[in-house]
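Scroll down for the structure; my scribbles are underneath it.
We count ligands from 1, going down the list as the structure has it; atoms in each ligand are counted the same way.
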Amino acid sequence: MNGMLPQRPFTRSRAERVRTGALIALMHLLPVSMIFAGTTSTDWLLFAAIYPFQAIGVGVCLHRYFAHNAFRTSRGFQFVLALFCSATFGDPIRFAGKHRLHHLHTDREGDPHTPLHGFWHSWFGSHLDSRYTDKEICAQVPNLTKYPELMWLHRHSLVPGLVLCLVAFLIGGLSGMAIGVLLGAAILVNQSSAVNYFCHRYGRRRFDTDDQSTNQMLVSLLVFGEGWHNNHHRYPVSARAGFCWWEIDMFYWVICAFEALGLVWDVKRPPEHLRQAKLLPSRT
Ligand SMILES: [Zn+2]
Ligand SMILES: [Zn+2]
């Protein structure tokens, strides 16, 4: 697969890429070392309490809300959603801008993380450098850059996550921080990359979209509904990625719960004719 598509040049300096790489390596190595060294029940209680917020931060907040405007909400709750993202060191403006570029150039030159640039780039490399400048990324999200609080998070995206690390450290020490915060963040990096890679290479297609996107039941079960990716590329604005009753989509259930509580509204759903569309033959 390597080299099938030409790549845009690096836009970040070598020092910036090394720094991000070191953070991702630390997220993986510290929790694994702690598991070998011995963990406590407090560590795992912290994980159980924080990981759901981290997962919702990536799937519901970064992807379906900030990148795709799948529902509307108040400015106050929008900031709460942005703080969910911060639990994984996520930056709504950077993620949404980069993700809109993925949908704009899917599986073509300019796609920040297509598998057609190879496994390494799709899985980890695009986290180190999306090959777009900050200006190009911000230009994709004028609906977000107009909010000073989101721009502050864009400039200081590590700060809330580091505060969360400090709180976990004060409760559970180094292992509390590693298992309570960093393990969940590392799992979510790999869950997102699994969608970016597997759901553009293997699986079934319902729609003949102009890309390689697929629906992957296993990835969907592991990533709470994000693996219904061919559905998603056919109708990206939908808050619901699983179009049929058996296409389990837990992130959509979370959005329905927010809607029932009156926290969000104008939730976009797929039209009936798309929900009834038949699967195309398998792709291998
Ligand atoms: Zn995609
Ligand atoms: Zn998307």
Side-chain angles (χ1 to χ4, degrees), residues 1 4-5 7 55-72 81 84-85 88 90-119 121-127 130-132 137 140-141 143-144 188-220 222-243 247 249-252 254-255 267-270 274 280 283:
M1 293 285 291
M4 282 181 69
L5 272 183
Q7 288 248 47
I56 290 168
V58 173
V60 172
C61 308
L62 284 178
H63 188 208
R64 300 195 194 182
Y65 177 68
F66 286 108
H68 290 298
N69 300 314
F71 52 85
R72 291 178 61 213
L81 296 179
F84 274 48
C85 311
T88 50
D91 165 5
I93 286 178
R94 181 164 180 77
F95 180 94
K98 184 176 157 186
H99 192 71
R100 287 181 195 180
L101 287 162
H102 166 62
H103 278 267
L104 202 60
H105 304 288
T106 313
D107 295 321
R108 300 192 303 275
E109 188 180 353
D111 183 340
H113 47 63
T114 174
L116 295 174
H117 287 147
F119 174 81
H121 178 78
S122 179
W123 204 278
F124 283 123
S126 71
H127 292 290
S130 61
R131 318 255 179 160
Y132 283 94
I137 286 173
Q140 294 297 318
V141 286
N143 63 315
L144 302 180
L188 280 154
V189 165
N190 290 282
Q191 284 174 307
S192 305
S193 295
V195 175
N196 294 344
Y197 185 77
F198 290 116
C199 295
H200 279 270
R201 279 216 70 184
Y202 307 103
R204 305 190 74 176
R205 283 163 62 82
R206 170 173 287 121
F207 302 106
D208 191 17
T209 49
D210 188 22
D211 54 45
Q212 315 246 8
S213 62
T214 59
N215 287 341
Q216 265 279 353
M217 179 176 280
L218 186 59
V219 174
S220 271
L222 292 172
V223 196
F224 314 112
E226 291 290 77
W228 307 118
H229 205 59
N230 177 243
N231 295 353
H232 173 64
H233 272 272
R234 175 62 184 83
Y235 199 63
V237 76
S238 175
R240 179 177 180 177
F243 286 4
E247 292 179 344
D249 181 1
M250 293 173 76
F251 284 145
Y252 174 60
V254 172
I255 295 169
V267 176
K268 318 257 188 343
R269 293 178 166 91
L274 291 185
L280 297 173
R283 167 174 295 211

message: Which label fits His127 and Phe124: parallel for a plane angle under 30°, tilted from 30 to 60°, or perpendicular past 60°?
response: tilted

task: Answer yes if the ring centres of His117 and His113 are under 6.0 angstrom apart, and no otherwise.
output: no

message: Can you list everything that forms a ring-ring contact (aromatic ring centres under 6.0 Å, His included) with Tyr65? Sequence neighbours excluded, please.
response: Phe71

- request: Using salt bridge (Lys or Arg N to Asp or Glu O under 4.0 Å) as the criterion, list what pairs up with Arg72, not counting sequence neighbours.
  value: Asp266

2.8 Å shell around the Zn ion (ligand 2), exclusive bound, protein N/O/S atoms: 5

task: Please work out which of the three classes, parallel, tilted or perpendicular, describes the rings of His229 and His63, given edges at 30° and 60°.
output: tilted

query: For the Zn ion (ligand 1), does an N/O/S atom of Cys199 lie at less than 2.8 Å?
result: no

query: Would you call Arg201-Asp107 a salt bridge at under 4.0 Å N-O?
result: no

task: Check ring-ring contact (aromatic ring centres under 6.0 Å, His included) between Phe95 and all other residues, then give those that pass, not counting sequence neighbours.
output: His99

- request: Could you please compute the angle at the Zn ion (ligand 1) from NE2 of His229 to NE2 of His200, rounded to 10°?
  value: 90°

